[in-house]
J.: 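My structure is below; once you've seen it, I'll send some questions.
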Amino acid sequence: QSTLSGNSTAGANAYGGAIFSQYGAVTVSQSTLSGNSTTGDDAQGGAISAFGAVTVSQSTLSGNSTAGPGAEGGAIYAFTGAVTISQSTLTLNNAALSPGGAIYIFSSPVTITNSIVAGNTAVAGTIPDVRKSPGVGDAFTVTNSLIGRNNGTGLTASATPDDNGNLIGGDNSGAAIEPQLSPLAN
């Protein structure tokens, strides 16, 4: 159990405002990552930037951000390792000049279970919640979760639980599902 809050990196390729892993796996469990940031060209992953596997369970990632051209993934940037998110909330994260307000997946299989990924923002006209690289055939599995907007996911919008128990918002702010979450508090 940890809280990583208010950390930052700055400069070109300044990865991971709170956590950067070039070779190993990252596991975050029963933790809060909030208010972390990266600033600079290609400064990816406001909270976590990883080239290996990322596992987030029973955790909150909120208020993390990236700012800079090519600085994707307001909360998480995952390059090639598997991404697994379970029983977690990713909200109020922002990619100011790039897509993937909460999660940017370059070439990784993704599993999201019993989680909320909603209420995130990204540069206008792009993808606020989850961005998966187009044309990448890796598995993308979502079960019993709420995804605020479906841009960049390939998921079908559904205001009632779909066959996998998901609530999936549409591809514009008017069709988004608002998770009705309050800001983090003590």
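For reference, positions follow the sequence shown, starting with 1.
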J.: Counting only N and O atoms by type, is there a donor-acceptor contact under 3.5 Å from the side chain of D42 to the main-chain atoms of N13?
T.: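 Not confirmed, D42 side chain does not pair with N13 backbone.
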J.: Write down the atom of T38, the atom of Y15, and the distance for their closest heavy-atom approach.
T.: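 Smallest heavy-atom distance, with atoms named: CG2-C, 4.3 Å.
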J.: Could you report the tightest heavy-atom contact between T66 and G45, atom names first, then the distance?
T.: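 Smallest heavy-atom distance, with atoms named: CG2-N, 3.8 Å.
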J.: Backbone N or O of T80 within a donor-acceptor pair of the S107 side chain at under 3.5 Å?
T.: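 No, the answer is negative, given that no donor and acceptor are paired below the 3.5 Å cut-off.
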J.: Do S49 side-chain atoms and F20 backbone N/O form a donor-acceptor pair below 3.5 Å?
T.: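 It does not hold such a pair.
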J.: Linking I/L/V/M/F/W/Y whenever their side-chain heavy atoms sit closer than 4.5 Å, directly or via other members, would L97 and I103 fall into one cluster?
T.: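 Hydrophobic grouping puts L97 apart from I103.
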J.: Can any side-chain N or O of T113 pair as donor or acceptor with the backbone N or O of S86 at less than 3.5 Å?
T.: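 It does not hold such a pair.
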J.: Among T91, N94, D129, which residue meets the side chain to side chain donor-acceptor pair (under 3.5 Å) test with N120?
T.: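 Exactly one option meets the side chain to side chain donor-acceptor pair (under 3.5 Å) with N120, and it is D129.
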J.: Taking atom CG of N172 as the centre, does the number of heavy atoms from other residues, nucleotides or ligands within less than 6.0 Å exceed 12?
T.: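 Atom CG in N172 is crowded, with more than 12 foreign heavy atoms closer than 6.0 Å.
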J.: Out of the candidates R131, K132, Q44, only one should pair with Y104 under the side chain to side chain donor-acceptor pair (under 3.5 Å) rule; please name it.
T.: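 It is R131; the other options fail the test.
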J.: Ignoring hydrogens, what is the shortest heavy-atom contact between A50 and V26? Give both atom names and the distance.
T.: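 Taking A50 first and V26 second, the nearest heavy atoms are CB-CG2, 4.1 Å.
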J.: Just so I know, are the side chains of L155 and V130 near enough to count as touching, which here means a heavy-atom distance under 4.5 Å?
T.: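 Side-chain contact under 4.5 Å: no.
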J.: Treating Ile, Leu, Val, Met, Phe, Trp and Tyr as nodes and any side-chain heavy-atom pair under 4.5 angstrom as an edge, say whether V54 and I112 lie in one connected cluster.
T.: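 Same cluster.
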J.: Walk me through whether T156 and N150 qualify under side-chain contact (heavy atoms from CB on, under 4.5 Å).
T.: CA-CA 7 Å; T156 302; N150 68 352; 5.8 Å; no
J.: Is I168 linked to V83 within one hydrophobic cluster, defined over Ile, Leu, Val, Met, Phe, Trp and Tyr using a side-chain heavy-atom separation of less than 4.5 Å?
T.: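 Yes, because I168 and V83 connect within a single hydrophobic cluster, where side-chain heavy atoms sit under 4.5 Å apart.
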J.: Could you tell me whether the side chain of E72 reaches within less than 4.5 Å of the side chain of P99, counting heavy atoms only?
T.: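 Yes, side chains in contact.
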J.: For A71 versus A43, what's the shortest heavy-atom pair and its separation?
T.: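 Minimum heavy-atom separation between A71 and A43: CB-O, 3.2 Å.
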J.: Donor-acceptor pair, distance only, cut-off 3.5 Å: does the side chain of S8 make one with the backbone of N36?
T.: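 Side chain of S8 to backbone of N36: no pair is present.
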J.: Just how far is it from atom CG of L90 to atom CG of N93, taken to the nearest 0.5 Å?
T.: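 It comes to 6.0 Å.
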J.: According to a hydrophobic-cluster definition based on side-chain heavy atoms being under 4.5 Å apart (Ile, Leu, Val, Met, Phe, Trp, Tyr only), do V117 and L181 belong together?
T.: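 Different hydrophobic clusters.
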J.: Using ring centroids (six-membered ring only for Trp), state whether F106 and Y77 fall under 6.0 Å.
T.: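 Ring centroids of Y77 and F106 are no less than 6.0 Å from each other.
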J.: Between S115 (side chain only) and S88 (backbone N and O only), is there a donor and an acceptor less than 3.5 Å apart?
T.: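 Looks like yes, one N/O pair under 3.5 Å.
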J.: Do you know which two heavy atoms are closest between A122 and P128, and how far apart they sit?
T.: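 Taking every non-hydrogen atom into account, CB-CA, 3.9 Å.
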J.: For S34 and T32, indicate whether the former's side chain and the latter's backbone hold a donor-acceptor pair under 3.5 Å.
T.: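 Checked: no pair found.
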J.: Report yes or no: do I127 and I105 belong to one cluster of Ile/Leu/Val/Met/Phe/Trp/Tyr joined by side chain heavy-atom distances under 4.5 Å?
T.: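 Different hydrophobic clusters.
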J.: Taking C-beta and beyond as the side chain, do N164 and N144 meet within less than 4.5 Å on heavy atoms?
T.: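 Answer no - side chains too far apart.
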J.: Step by step, would you call N114 with T143 a side-chain contact (heavy atoms from CB on, under 4.5 Å)?
T.: CA-CA 6 Å; N114 300 326; T143 308; 5.9 Å; no
J.: Distance-only, no hydrogens or angles: does the N64 side chain make a donor-acceptor pair with backbone N or O of L33 under 3.5 Å?
T.: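 Confirmed, N64 side chain pairs with L33 backbone.
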J.: Give a yes or no answer on whether the side chain of N166 reaches the backbone of L146 with a donor-acceptor pair at less than 3.5 Å.
T.: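 No, the answer is negative, given that no donor and acceptor are paired below the 3.5 Å cut-off.
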J.: Considering non-hydrogen atoms only, spot the tightest contact between G170 and A157 and give its length.
T.: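 Scanning both residues completely, I find the closest heavy atoms to be CA-CB, 3.9 Å.
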J.: Could you tell me whether a side-chain N or O of N151 sits under 3.5 Å from a main-chain N or O of R149, the two making a donor and an acceptor?
T.: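 Flag not set: sc N151 to bb R149 has no pair under 3.5 Å.
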